[in-house]
**Student:** 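Before we start, here is the structure in question, set down as structure tokens.
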Amino acid sequence: MNDKGFTLWFTGLSGSGKSTLAQYLTPILKERGKKVEVLDGDEIRENLSKGLGFSKEDRDTNIRRIGYVANLLSRNGCVAITAAISPYSSVRDEIRAKTAAAFVEVYVEAPLEVVEERDTKGLYKKARAGEIKNFTGISDPYEAPASAEVTVHTGTESIEESAQKVVNYLESQGLLG
Ligand SMILES: Nc1ncnc2c1ncn2[C@@H]1O[C@H](COP(=O)(O)OP(=O)(O)OP(=O)(O)O)[C@@H](O)[C@H]1O
Ligand SMILES: [Mg+2]
């Protein structure tokens, strides 16, 4: 066991599996002696970022706030797991540069066809019908990371397999001790 904090930054389309993996990994990391906080996009938008919309400016502000809090937590020995779409690579890179502790970007990849078929929140249907504007992957950009520390393919992997890939990377970096 060690007390190293780090930021585990999930990025990917809506329905790709960010929240699922964050929740799945939390008890695993706690069993390894870590303090863990999940900063989930939906919850953050209900409080820390209440009132923000989905323009590029508002999305960037939302993500910067999440990055700010993740840095505070991770530099004090917590594992900060973020689960927001975070579609713009420049802002993700900016947060990476500002983060004092290790920054582990996890690209939660799944093809648009797969996440649209899942439609876990019914939002893709609404976006296709034009009822939601600026919807990532449909009418708003998603910039995939060029060099994420870990990439998981949730269209073909089980939740356990994707989570194991993350754990393997953390172990390889000595972050779990
Ligand atoms: N390998 C996998 N990893 C994670 N989720 C998976 C995997 N395989 C299938 N799934 C399923 O994909 C769905 C992912 O939904 P989830 O709410 O986690 O997405 P999300 O990325 O948090 O989306 P949003 O940005 O809208 O919050 C769940 O129904 C989950 O069971
Ligand atoms: Mg989610």
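Every number for a ligand or one of its atoms is a count from 1 in the order of the listing.
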**Student:** Polar-atom distance check: I85 versus ligand 1, any N or O pair below 3.5 Å?
**Tutor:**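 No; the residue has no nitrogen or oxygen that sits under 3.5 Å from a nitrogen or oxygen of the ligand.
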**Student:** Tell me whether K126 forms a cation-pi arrangement with F135, defined as NZ or CZ under 6.0 Å from the six-membered ring centre and within 45 degrees of its axis.
**Tutor:** no
**Student:** List the closest protein heavy-atom neighbour of atom 16 (P) of ligand 1: residue, atom name, distance to the nearest 0.1 Å.
**Tutor:** T20 OG1, 3.6 Å
**Student:** Suppose I only count heavy atoms of E157 and a 4.0 Å limit; which atoms of ligand 1 are within that range?
**Tutor:** 1 (N), 2 (C), 8 (N)
**Student:** Near L13, which atoms of ligand 1 are under 4.0 Å from a heavy atom of that residue?
**Tutor:** 21 (O)
**Student:** Measuring from the heavy atoms of G41, does anything fall under 4.0 Å of ligand 1?
**Tutor:** no
**Student:** Go through the side-chain N and O atoms of T151 and E109 and say whether any donor and acceptor fall under 3.5 Å apart.
**Tutor:**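 Their side chains do not contain a donor-acceptor pair, so the 3.5 Å distance test is not met.
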**Student:** Tell me which part of A84 gets within contact of ligand 1: side chain, backbone, both or neither, using heavy atoms under 4.0 Å.
**Tutor:**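 None of A84 does.
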**Student:** For atom 27 (O) of ligand 1, state which one of K18, Q23, E161, K121 supplies the nearest heavy atom.
**Tutor:** K121
**Student:** Is there a side-chain contact (heavy atoms from CB on, under 4.5 Å) between I138 and E116? Walk through the geometry before answering.
**Tutor:** CA-CA 10 Å; I138 304 289; E116 206 170 342; 4.2 Å; yes
**Student:** In ligand 1, which numbered atoms sit nearer than 4.0 Å to a non-hydrogen atom of I159?
**Tutor:** 1 (N), 2 (C), 3 (N), 4 (C), 5 (N), 6 (C), 7 (C), 31 (O)
**Student:** Could you tell me whether S14 approaches ligand 1 through its side chain, its backbone, both or neither, with non-hydrogen atoms closer than 4.0 Å?
**Tutor:** both
**Student:** Are S16 and ligand 1 in contact, using a heavy-atom cut-off of under 4.0 Å?
**Tutor:** yes
**Student:** When you measure from atom 23 (O) of ligand 1 to every protein heavy atom, which one gives the shortest distance, and what is it?
**Tutor:** G15 N, 2.7 Å
**Student:** Going by the order shown, which atoms of ligand 1 are within less than 4.0 Å of some heavy atom of S158?
**Tutor:**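 Atoms satisfying the 4.0 Å criterion: 1 (N).
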**Student:** Which residue and atom name correspond to the protein heavy atom nearest atom 9 (C) of ligand 1, and how close is it?
**Tutor:** R118 NH2, 3.4 Å
**Student:** Verify the neighbour count for atom CD of E117: are there more than 12 heavy atoms of other residues, nucleotides or ligands below 6.0 Å?
**Tutor:**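 Open.
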**Student:** Does a side chain donor of either Y107 or S16 reach within less than 3.5 Å of an acceptor in the other side chain?
**Tutor:** no
**Student:** Would you sort out whether V166 and Y24 count as a side-chain contact (heavy atoms from CB on, under 4.5 Å), showing the intermediate values?
**Tutor:** CA-CA 11 Å; V166 176; Y24 187 86; over 6 Å; no
**Student:** Which atoms of ligand 1 sit under 4.0 Å from any heavy atom of T120?
**Tutor:**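 The atoms of ligand 1 under 4.0 Å from a heavy atom of T120 are 13 (C), 15 (O), 29 (O).
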**Student:** Quiz question: by atom type and distance under 3.5 Å, do the side chains of N168 and Q164 form a donor-acceptor pair?
**Tutor:**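 Side chains of N168 and Q164: pair found under 3.5 Å.
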**Student:** With a 4.0 Å cut-off, would you call D119 and R128 a salt bridge?
**Tutor:**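 R128 and D119: not salt-bridged.
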**Student:** Above 12 or not: heavy atoms from other molecules or residues under 6.0 Å from CD of E57?
**Tutor:** no
**Student:** Looking only at distance, does G17 have an N or O less than 3.5 Å from an N or O of ligand 1?
**Tutor:** yes
**Student:** Quick check: does S19 have an N/O/S atom under 2.8 Å of the Mg ion (ligand 2)?
**Tutor:**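 Yes, since at least one N, O or S atom of S19 sits under 2.8 Å from the Mg ion (ligand 2).
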**Student:** So, are E143 and R92 salt-bridged, with charged N and O less than 4.0 Å apart?
**Tutor:**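 No, E143 and R92 are not salt-bridged.
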**Student:** Minimum distance, heavy atoms only, to atom 3 (N) of ligand 1: which one of T154, D42, T11, L123 is it?
**Tutor:**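 Ranked by closest heavy atom to atom 3 (N) of ligand 1, first place is T154.
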**Student:** Using a cut-off of 6.0 Å, state whether more than 12 heavy atoms not belonging to E171 lie near its atom CD.
**Tutor:**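 Count over threshold, so yes.
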